[in-house]
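As the structure is a prediction and not an experimental result, all values here were calculated from the model. The figures that follow rest on heavy atoms only: side chains count, while hydrogens, waters and symmetry mates do not.
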Amino acid sequence: MISIDTGECRPSAKKNKDFYLDVIQSLKETPKKLPSKYFYDKEGDSLFEAIMDSPDYYLSRCEMEIFTRQAKQIVDSITAQNLNFELIELGPGNCAKSIHLLHALAAADVSFNYIPIDISENVISRLQLFLPDKIPNLQFNGLAGDYFNALSIHNLLPATRKVVMCLGGNIGNMTIEESNAFCKKLRSYLQPGDQCIIGFDLVKHPAIIKRAYDDRDGLTRKFNLNLLARINRELDADFRIGQFDHYCSYDPLTGSAKSYLVSLSDIAVNISGTIIPFEKDECIWTEISQKYSKDQIREMAVNNGFVQAAAFLDSRSWFMDAVWTAV
C-alpha cells in the first residue's frame, strides 16, 4: 500500500516540522517504524516513571541498588585523575539514581558542574525546580534537545574534563550497530582522559526480560499507545487508538527485546494532510531494548576508543554500570 500526500501541510506540521518529518519518513519505511525518542512528552514522562516503579521492570531497581550502595566507589573511579570536571547526563529522567552520585560527589568536596541533557523540556524544567534545593551549591546547567546537538553547543565553552553519564540502559534503545555508532560519535566529543558511565542491561533468563516489556499492569502498552495520541495532538492526526494494540518480543539469541504497535484492521490515517494506510495485523516497530554480555560491553569500549576502567554490578548481576575512559 502507498501513502498519499495531499499537499495540504497543516499549521501543526509546520510548527512541529522535525517531529512531522521524522514520523512521516518512518511510517513510509518497510516495515513501518516510529522513533522512540518521541515517547517522552509530559504524559509519556509520567507513564515511564510508572513503568520504572513497576514490579516487572527490574532495570530501575537494579541500577538504583548500584547507585545507592556503590556511589562512593563510582566517585573514586571518576575522580582519580582530578577533582574538577563537568558531569554531563544524557537522558536524566527524574534523576532518581544519579542524585545519589551527586550527593556522594558533594560529600567528597568535588568541584563539578552538573549538565543534564534531555529531549524533553519538561524533564529539564522539573530538575531545575527541585534539584538545586536537594544538592546545596550545585552548579546546574540543564539543556533541552538532541544529545549531540546540545553537546556541540556546549563544546563551545572552555575545555574542562568531562564525565558523561548514560544510565537506565538507554544505550540499549538502539541496535548493536547503532549503539556502536553512538559510542563512536560520543568519543569524538571527548578528549583522552574524559570518561563515561554507561548502564547496560545484561542477558538473563528470557522470561524475566520479556515480562519487563509486557508488564501485568499494561503500562508499557499505554506508553506505546501514547505515542499515537501525541501524534494526534501535535500533528493534527486521526489515529484511532482503539484500532491498535501493543506487542513485544524477546529473542535470547540476539539479545533484542522489541515493541510493536499492531493495526487491528485495514485503516488509513491522516497526518497533517499525508495519508498513511495500514493493513490489518501490520506492525509499527516502536522500540528496541538490547541486552548485552559482559564480554560484549568490554569489546564495545575498545572498538570505539575507550578502555573499561571499572564495572559495577547489582547483587544479582542483572545490570552493569560500566566506567569507560577515553584513550
Item to check | No-hydrogen, no-angle side-chain donor-acceptor test under 3.5 Å, Asp45 and Ser120 | outcome: yes
Checklist entry - Angle class for the Tyr40/Phe48 ring planes (parallel below 30°, perpendicular above 60°, tilted otherwise)? => result perpendicular
Checklist entry - Please walk me through it: do Asp217 and Lys222 pass salt bridge (charged side-chain N to carboxylate O under 4.0 Å, His left out)? => result CA-CA 10 Å; Asp217 296 321; Lys222 293 177 183 176; over 6 Å; no
Next on the checklist: Just so I know, are the side chains of Gln191 and Lys162 near enough to count as touching, which here means a heavy-atom distance under 4.5 Å?
Outcome noted: no
Checklist entry - Under 30°, 30 to 60°, or over 60°: which ring-plane class applies to Phe244 and Phe278, parallel, tilted or perpendicular? => result perpendicular
Checklist entry - Has the side chain of Gln290 got a donor or acceptor atom that lies under 3.5 Å from a matching backbone atom of Gly255? => result yes
Next on the checklist: Taking the basic N atoms (NZ, or NE/NH1/NH2) and the acidic carboxylate oxygens, is any pair closer than 4.0 Å for Lys291 and Asp201?
Outcome noted: yes
Checklist entry - So do Ile124 and Leu143 actually touch side chain to side chain, heavy atoms under 4.5 Å? => result no
Checklist entry - Side chains of His154 and Glu86: does their closest heavy-atom pair fall under 4.5 Å? => result yes
Next on the checklist: Under a 3.5 Å cutoff, is there a donor and acceptor pairing between the side chains of Ser152 and Tyr189?
Outcome noted: yes
Item to check | side-chain hydrogen bond (donor to acceptor under 3.5 Å, both in side chains) between Asn173 and Ser36, intermediate numbers included | outcome: CA-CA 8 Å; Asn173 294 337; Ser36 59; 5.7 Å; no
Item to check | Main-chain N/O of Arg216 paired with Arg211 side-chain donor or acceptor, under 3.5 Å | outcome: no
Next on the checklist: Could you check whether Asn304 and Asn180, counting side-chain N and O atoms only, form a donor-acceptor pair closer than 3.5 Å?
Outcome noted: yes
Next on the checklist: Just to verify, which of Asp214, Asp215, Asp245 counts as forming a salt bridge (Lys or Arg N to Asp or Glu O under 4.0 Å) with Arg221?
Outcome noted: Asp245
Checklist entry - So, Ser188 side chain and Lys185 main chain: donor-acceptor pair closer than 3.5 Å or not? => result yes
Next on the checklist: Would you say CD of Glu121 has more than 12 non-hydrogen atoms from neighbouring residues, nucleotides or ligands within 6.0 angstrom?
Outcome noted: no
Next on the checklist: What's the separation between atom CG in Leu59 and atom OH in Tyr213, rounded to the nearest 0.5 Å?
Outcome noted: 4.5 Å
Next on the checklist: Under 4.0 Å between a side-chain nitrogen and a carboxylate oxygen: does that hold for Asp314 and Arg69?
Outcome noted: no
Item to check | Phe19 vs Ile231 side-chain heavy atoms within contact, under 4.5 Å | outcome: yes
Checklist entry - So, Ser179 side chain and Ile176 main chain: donor-acceptor pair closer than 3.5 Å or not? => result yes
Item to check | Flag, side chain of Arg126 to backbone of Leu129, donor-acceptor distance under 3.5 Å | outcome: no
Checklist entry - Are any side-chain N or O atoms of Asn16 and backbone N or O atoms of Glu234, one a donor and one an acceptor, separated by less than 3.5 Å? => result yes
Checklist entry - Hey, quick one: are Tyr260 and Ile267 part of the same hydrophobic cluster, counting side-chain heavy atoms closer than 4.5 Å, chains of contacts allowed? => result no
Next on the checklist: So Thr220 and Cys248, do their side chains get closer than 4.5 Å, heavy atoms only?
Outcome noted: no
Checklist entry - Taking C-beta and beyond as the side chain, do Val323 and Phe312 meet within less than 4.5 Å on heavy atoms? => result yes
Next on the checklist: Quick check: do Leu27 and Thr274 have side-chain heavy atoms less than 4.5 Å from each other?
Outcome noted: no
